[in-house]
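Only one structure is covered here, and it is reproduced in the block below.
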Protein chains: 2
Amino acid sequence: MSLRHALLALLDAGPMTGYELAKQFDTSVAYVWNAPHSQIYPELRRLEALGMVVAEDLPRGTHGVKRAYSLTTDGAAELVRWVVEVETPARPRDAAYLKATYYEYGSFDDARRQFREHRDHYRLLQDHWQRHVTQLERRETVLLRQRLALADEAARSAIAAYKVHTYEGLVERAKAEVAWAERGLDLVDRLQRDTVVAHDEPTARPHVALGTTGPPLGR
Amino acid sequence: MSLRHALLALLDAGPMTGYELAKQFDTSVAYVWNAPHSQIYPELRRLEALGMVVAEDLPRGTHGVKRAYSLTTDGAAELVRWVVEVETPARPRDAAYLKATYYEYGSFDDARRQFREHRDHYRLLQDHWQRHVTQLERRETVLLRQRLALADEAARSAIAAYKVHTYEGLVERAKAEVAWAERGLDLVDRLQRDTVVAHDEPTARPHVALGTTGPPLGR
DNA sequence: TTACTCATGTAAGTAGTTACATGATTCC
DNA sequence: GGAATCATGTAACTACTTACATGAGTAA
């Protein structure tokens, strides 16, 4: 249940509305944890019911109202509890790698397309993450500044350093994915050189048991 | 919806019962995609209803029956369609990295514990994946042998090579995670050297807005 | 007879996705 | 007046988790 804790952590930088929180999930936090507003608003209501945040109704314009949420001591305690807690890691579930295991069902060109998409995707992510590292190092992000302004002198370097370390790790991860995809492209070239299969023909076909054409009942 | 396709791919090696499929998810496939039997049995029934697999009732012992599933042509077509399709990558959702962004809420010792757990976890995974690579290279896994036996001469090297490449990628990934955790441990040492904070004291504390101790209404 | 593996399910709950829905404010 | 942004929700659905439930077969 990390959405909850991501929200609590964001609110530690200061009161925010659901809309502002959702924007954070679209920008800075987005590349570590992603959540749509349809998940955020109900979760804020739950956190409020649990006493972990309090909402203040703020006027906007003449008729409008918005709700700014802030951390309570209970919310702060839950945030600390979560950070200290050692969780059992989530079970692996990687659609791209699962699929890569079965690229032989497509043609060499199909495999190449997949690897290229993978490479391009992680190049973009690498760029995003790298940018974020730079911003953190220069203390350019609003959220980090707010956190640093509220923090003890002694804590400041650690607050920034952990964030930099995390995003640097993500940059390394992205680089590894790009390298994997590039090695994949080389592999496809090698496989094709060693075979007579046309570049746009499936390399292998699934094996269907005889007489199992599926029920003629229609589906 | 990769569970479906993982099942179809596994069934391409030959007919299997739900139980046998679940075992595959506990062993070989487990470190790429994981699914409990409570998810597998209903999905097999759905695939049957869609005509993508057919079930055969096999006797076991004197009274027992078991259902062995095999691919239909529709199932095989769906498998190929999935492999060729380019999917939009899943939104990032990494609980460990999200938490690492906020290690300052714990003590230096807490951060060290987290990094050590991370390192140890990925060392184990690296080992599992490395073993699997070796087994694939030696053609020792049952599933791979069955696939190779059914396949064209020309396709054989590709079938094995894609799998080896995938698991080698996972090994690299695990190494990167171990390295990240080790750099994290170094970082904690450096941070501690530069500070007066005791090793078991929180580095920073969440900032609670004044007067927001939570509703006294109880929760 | 006891313990283990084989075998197949259901049920309740949580988390996440996608789409629908509405209205105010601000800036051009 | 219209478009973009601010702002807050609901509803239906899918995927996954955890726990409950049951029973046959096999080997010590």
Side-chain angles (χ1 to χ4, degrees), chain A residues 1-8 10 15-27 29-30 32-50 53 55-69 82 87-95 98, chain B residues 1-8 10 15-27 29-30 32-50 53 55-69 82 87-95 98:
Chain A
M1 227 196 341
S2 289
L3 168 63
R4 165 163 304 181
H5 301 105
L7 291 171
L8 293 174
L10 286 171
M16 265 187 266
T17 66
Y19 184 82
E20 288 170 312
L21 286 161
K23 257 200 315 184
Q24 292 301 323
F25 277 97
D26 285 345
T27 54
V29 207
V32 190
W33 199 272
N34 193 285
H37 75 271
S38 65
Q39 223 188 333
I40 292 169
Y41 287 112
E43 183 61 31
L44 285 170
R45 291 290 182 161
R46 273 191 290 271
L47 285 170
E48 195 187 10
L50 289 167
V53 301
E56 193 189 354
D57 280 324
L58 295 179
R60 57 179 285 259
T62 40
H63 328 284
V65 213
K66 57 180 180 180
R67 315 192 85 219
Y69 292 89
W82 168 72
E87 282 168 275
T88 58
R91 276 91 163 229
R93 205 159 270 155
D94 191 312
L98 174 64
Chain B
M1 229 197 336
S2 289
L3 169 61
R4 164 164 305 181
H5 302 104
L7 290 171
L8 293 174
L10 286 171
M16 267 187 265
T17 65
Y19 184 84
E20 288 170 313
L21 287 161
K23 256 200 315 187
Q24 292 301 324
F25 277 96
D26 284 346
T27 55
V29 207
V32 189
W33 198 272
N34 192 283
H37 74 270
S38 65
Q39 222 188 332
I40 292 168
Y41 286 113
E43 185 60 31
L44 285 169
R45 292 290 183 162
R46 273 192 291 270
L47 284 170
E48 194 187 11
L50 290 167
V53 301
E56 194 190 352
D57 281 325
L58 296 178
R60 56 181 286 260
T62 39
H63 330 286
V65 213
K66 57 180 180 180
R67 315 193 86 219
Y69 292 89
W82 168 72
E87 283 167 276
T88 58
R91 276 93 161 226
R93 205 159 270 153
D94 190 312
L98 174 65

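Please read these numbers as outputs of a predicted model, since none were measured by experiment. Each chain gets a letter, A, B and so on, in the order the sequences are listed, and its residues count up from 1.
Between B:W33 and B:L3, the closest side-chain pair of non-hydrogen atoms falls below 4.5 Å. Residues A:S2 and B:L98 form a side-chain contact, since some pair of their non-hydrogen atoms from C-beta on lies under 4.5 Å apart. Counting only heavy atoms from C-beta outward, the side chains of B:L7 and B:R4 never approach each other to under 4.5 Å. You'll find the side chain of A:L58 reaches within 4.5 Å of the side chain of A:E56, heavy atoms only.
Within 4.0 Å of B:T17, counting heavy atoms only, lie sugar-phosphate atoms of the nucleic acid but no base atom.
In this structure, A:D94 places its CG atom 17 Å from C1' of D:dA15, rounding to the nearest Å. Note: CD (B:E48) to C1' (C:dG9) measures 14 Å, nearest angstrom. Rounded to whole Å, atom C1' of D:dA7 lies 13 Å from atom CG of A:D57. In this entry the distance linking CD of B:E43 with C1' of D:dT14 reads 11 Å, nearest Å. Separating the CZ atom of A:R46 from the P atom of D:dT8 is a distance of 16 Å, rounded to the nearest angstrom.
Taking every side-chain heavy atom of B:Y19 into account, C:dC6 is the closest of D:dT17, C:dG16, C:dC6. The side chain of A:K66 has D:dA7 as its nearest neighbour among C:dC6, D:dC16, D:dA7.
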Exercise. Where along nucleotides 20-28 of chain C does protein come under 4.0 Å, by heavy atom, of base (B) or sugar-phosphate alone (S), with - for untouched nucleotides?
Worked result: ---BBS---
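Phosphate proximity of C:dG9 to B:R45: present, with a side-chain N or O under 4.0 Å from OP1 or OP2. Dashed line: the shortest gap from a side-chain N or O of B:R91 to OP1 or OP2 of C:dT18 is under 4.0 Å. For C:dT17, the OP1/OP2 oxygens have a side-chain nitrogen or oxygen of B:R93 closer than 4.0 Å. The shortest distance between the side-chain N/O atoms of A:Y41 and the OP1/OP2 oxygens of D:dT8 is below 4.0 Å.
Judged by distance alone, with hydrogens and angles left aside, the side-chain atoms of A:R67 form no donor-acceptor pair with the main-chain N or O of A:G18 at under 3.5 Å.
When all heavy atoms of B:Y41 and B:Y19 are compared, the pair lying nearest together is OH-N, 3.4 Å. Annotation for B:F25 and B:A30: closest pair O-CB, 2.8 Å, computed over non-hydrogen atoms.
For the pair B:E20 and B:P42, both in contact range of DNA chain C, the more 5′-proximal nearest nucleotide belongs to B:E20.
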